[in-house]
Amino acid sequence: MEHKRLTLFAGHYGSGKTNIAVNYALYLARMGKKVTIADLDIVNPYFRTKDSERELNEAGIRLISPQYANSNVDLPALPAESYSLVQDKSGYGVMDIGGDDRGAYALGRYAGAIKAENNYRMAFVVNCHRPLTSTVEDTVEIMKEIEAAAGISFTCIVNNSNLGPETTRDTIIESLDFVDRLSKTTGLEVWMHTAEESVARELDGLQVFPMKLQKKIFDLPDTNVTAGLK
Amino acid sequence: MAERILMKGNEAIAEAAIRAGCRHYFGYPITPQTEIAAYMAKKMPKIGGVFLQAESEIASINMVYGAAAAGMRVMTSSSSPGISLKAEGLSYIAGSDVPALVVNVQRGGPGLGGIQPSQSDYFQATKGGGHGDYRMIVLAPASVQEMASLTIKGFDLADKYRMTSMILADGTIGQMMEPITFEDAEITTYEKPWALTGTECKRKHNVVNSLYLKPDELERKNFERYEKYAEIEKNEAMWEDYMMDDAEICVVAFGIASRVAKNAVAMARAEGIKVGLIRPITLWPFPNAAFEAADKAKAFISVELSMGQMIEDVKLATKCQKPVYLCNRTGGMIPSPDEILASIRNAMKGE
């Protein structure tokens with residue numbers, strides 16, 4: 001896999017950008033690269049890059065996130081140090097962009113410098129099991145809205161089609177036709193397919209990027225466990 | 001089988017509303033429920049519906065009042081501080097006997113509070129909020145699937161009883177994503193002979209109003225409304241029992257708190273503690289029958305994201321005959337399974 005100095009993950013909200021950005025940053029760090037991840041999500045107040053702060057710190061990854069992320073202040077402000085990611089060309093940068101066009105406006109601030117350096121990948125993250133990106137037509141519409149807001153065009157597609165905890169090998173196999181059509185319609189290459197690591201192991205012969213996903217306290221107990229207790 | 005799709009709780013409400021025949025949405029953005037409005041803004045113009053971002057919460061609830069009076073299936077959504085602003089309209093809607101669906105994706109309070117999840121609008125939803133003698137049907141979803149199914153149910157109950165159904169969710173369920181299915185729900189359409197649809201000079205005109213200046217008339221109206229409420233209390237209570245068959249300790253929790261509580265119940269069961277969970281799905285009417293059935297329980301624990309509001313209804317439902325403990329976090333915090341487990345162990349010891 002070839003790595004550009006800057007990797008930007010954008011897409012429809014809820015498409016999985018944050019999970020992929022965090023996992024990709026960890027992957028780069030494991031290869032010994034100096035990595036900075038920037039949370040440019042000014043839209044979503046819940047489930048953010050900062051939720052993985054400890055893991056990122058342990059991997060030696062620098063995290064830039066809005067000062068008020070995960071706090072109770074609903075202020076869409078970006079930290080000034082975000083610009084260092086673009087300016088300091090000595091390391092790799094991963095940018096987690098907010099959902100839809102409204103989230104992508106934040107990227108416009110950096111678009112000129114990113115394009116001038118011309119060592120970036122602008123990835124469109126898509127999950128075809130999300131209601132507003134379940135047809136190629138609707139997906140292309142959202143893509144164009146994001147590009148217009150961000151001031152940068154997408155260079156590739158990341159297929160993050162999943163059904164949360166119900167994701168199986170078939171969930172991903174079934175998405176391949178959709179992603180293929182999206183790729184043909186837009187002329188963009190499919191950079192990678194993603195899957196939670198246990199599912200990824202079952203997908204031989206496909207370029208799958210395996211991801212670790214966080215367990216949350218409100219995830220329901222495993223039904224097998226509770227059935228045994230009854 | 002219908003297709004599984006991955007949705008946010010807020011999106012599930014919006015999509016379910018559209019499937020239930022709602023074509024009129026009036027709202028004003030506030031975290032953490034803005035996706036409902038965003039979804040409606042994208043979808044309504046494509047299906048001949050109305051999405052309108054009003055100038056305020058007060059304006060939006062009065063638009064709901066107007067559209068409901070005209071016989072439409074109509075909704076609004078907001079989060080805690082926004083619901084306080086809508087309180088006047090909720091009272092007028094109750095006093096005029098028109099159906100509406102109102103969604104509250106709760107955040108921490110009081111005041112401007114915070115944007116993290118909370119259940120501290122329980123009193124506001126179940127005991128009033130607005131002024132006067134009135135009730136709302138209050139539905140508490142605990143999953144993204146239920147965000148959808150209770151929205152459809154809420155519209156049905158609203159039309160059936162000519163009153164407001166409130167979906168009382170919280171920020172986490174609004175924001176989290178789960179796979180769900182939209183079964184082809186059977187949507188009942190109700191005749192609305194009282195609605196303001198234009199007389200075409202063929203019938204006497206209808207009046208929708210909450211003003212009754214003669215006290216005896218207003219009293220009669222209130223009596224009638226409470227007869228309807230009594231019928232709802234008898235027929236519409238919903239709850240889920242979880243491991244209640246032999247439970248000596250009964251955890252009571254709704255919405256997001258019930259999910260964490262289920263983990264704690266499973267952990268306590270693994271330790272051999274006979275514990276179960278009652279999850280109220282309707283908060284009004286409160287499922288009193290569930291507590292009558294829990295006759296083996298020696299103690300109850302109310303798990304809430306508030307300073308303890310539902311606990312009062314648990315005490316009433318158990319007629320204050322058994323100890324009722326509180327396990328709570330507030331301000332946007334969620335109790336951990338370990339905190340609830342500790343509370344279960346203490347209850348076993350009678351603490």
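Note that these values count all heavy atoms, side chains included, but never hydrogens, waters or copies made by symmetry. Proteins come first, then strands; the chains are lettered A, B, ... in the order of their sequence lines, and each starts at number 1.
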*Which one of Ser336(B), Gly174(B), Pro117(B) has the most heavy-atom pairs closer than 4.5 Å to chain A?*
Pro117(B)
*asked:* At a 4.5 Å cut-off on heavy atoms, which part of Glu35(B) comes close to chain A: side chain, backbone, both, or neither?
replied: both
*asked:* Between Arg130(A) and Tyr13(A) (side chain of the first, backbone of the second, donor and acceptor by atom type, cut-off under 3.5 Å), is there such a pair?
replied: yes
_Under 4.5 Å from a heavy atom of chain B, the part of Asn127(A) involved_ = side chain
*Can you find a side-chain donor-acceptor pair between Ser78(B) and Lys86(B) that sits under 3.5 Å?*
no
*Picking from Glu11(B), Lys8(B), Met177(B), which has the most non-hydrogen pairs under 4.5 angstrom with chain A?*
Glu11(B)
*Is a side-chain donor or acceptor of Gln119(B) paired with a backbone partner of Phe254(B) at a separation under 3.5 angstrom?*
yes
*Below 4.5 Å from any heavy atom of chain A, which atoms of Lys46(B) appear? Answer side chain, backbone, both or neither.*
side chain
*Stepwise, does the salt bridge (Lys or Arg N to Asp or Glu O under 4.0 Å) test hold for Arg48(A) with Asp39(A)?*
CA-CA 8 Å; Arg48(A) 320 186 47 127; Asp39(A) 176 358; 3.0 Å; yes
_Using heavy-atom distances under 4.5 Å, tell me whether Ile334(B) contacts chain A through its side chain, its backbone, both, or neither._
both
*Checking Thr181(B) side chain against Glu183(B) main chain: does a donor-acceptor pair fall under 3.5 Å?*
no
*Is Arg23(B) reaching over with its side chain to a backbone N or O of Ile18(B), donor-acceptor style, under 3.5 angstrom?*
yes
*Is a side-chain N or O of Arg107(B) found less than 3.5 angstrom from the main chain of Gly114(B), in a donor-acceptor match?*
yes
_Heavy atom to heavy atom, less than 4.5 Å: which residues from residues 183-210 of chain A reach chain B?_
none
*Best-contacting candidate, Pro131(A), Ser134(A), Gly14(A), against chain B by heavy atom pairs under 4.5 angstrom*: Pro131(A)
*Would you say the side chains of Glu304(B) and Ser306(B) form a donor-acceptor pair under 3.5 Å?*
yes
*Measuring heavy-atom distances to chain A, does Glu178(B) have an atom under 4.5 Å in its side chain, in its backbone, in both, or in neither?*
neither
*State, without any angle test, whether Asn159(A) and Ser175(A) hold a side-chain donor-acceptor pair at a distance under 3.5 Å.*
yes
*Looking at Ile30(B) and Ser79(B), what are the two nearest heavy atoms and their distance?*
CG2-N, 3.3 Å
*With only heavy atoms counted, which part of Pro335(B) is less than 4.5 Å from chain A, the side chain, the backbone, both or neither?*
backbone
*Answer with side chain, backbone, both or neither: which region of Glu174(A) has an atom nearer than 4.5 Å to a non-hydrogen atom of chain B?*
neither
*Can you say whether Met7(B) sits under 4.5 Å from chain A via the side chain, the backbone, both, or neither, judging by heavy atoms?*
both
*Do we see a donor-acceptor contact under 3.5 Å between the side chains of Asn162(A) and His129(A)?*
no
_Largest heavy-atom contact set with chain A, pairs under 4.5 Å, which of Pro179(B), Ser143(B), Ser258(B)_ = Pro179(B)
*So, Tyr28(B) and Gln53(B): side-chain donor and acceptor under 3.5 Å apart, yes or no?*
no
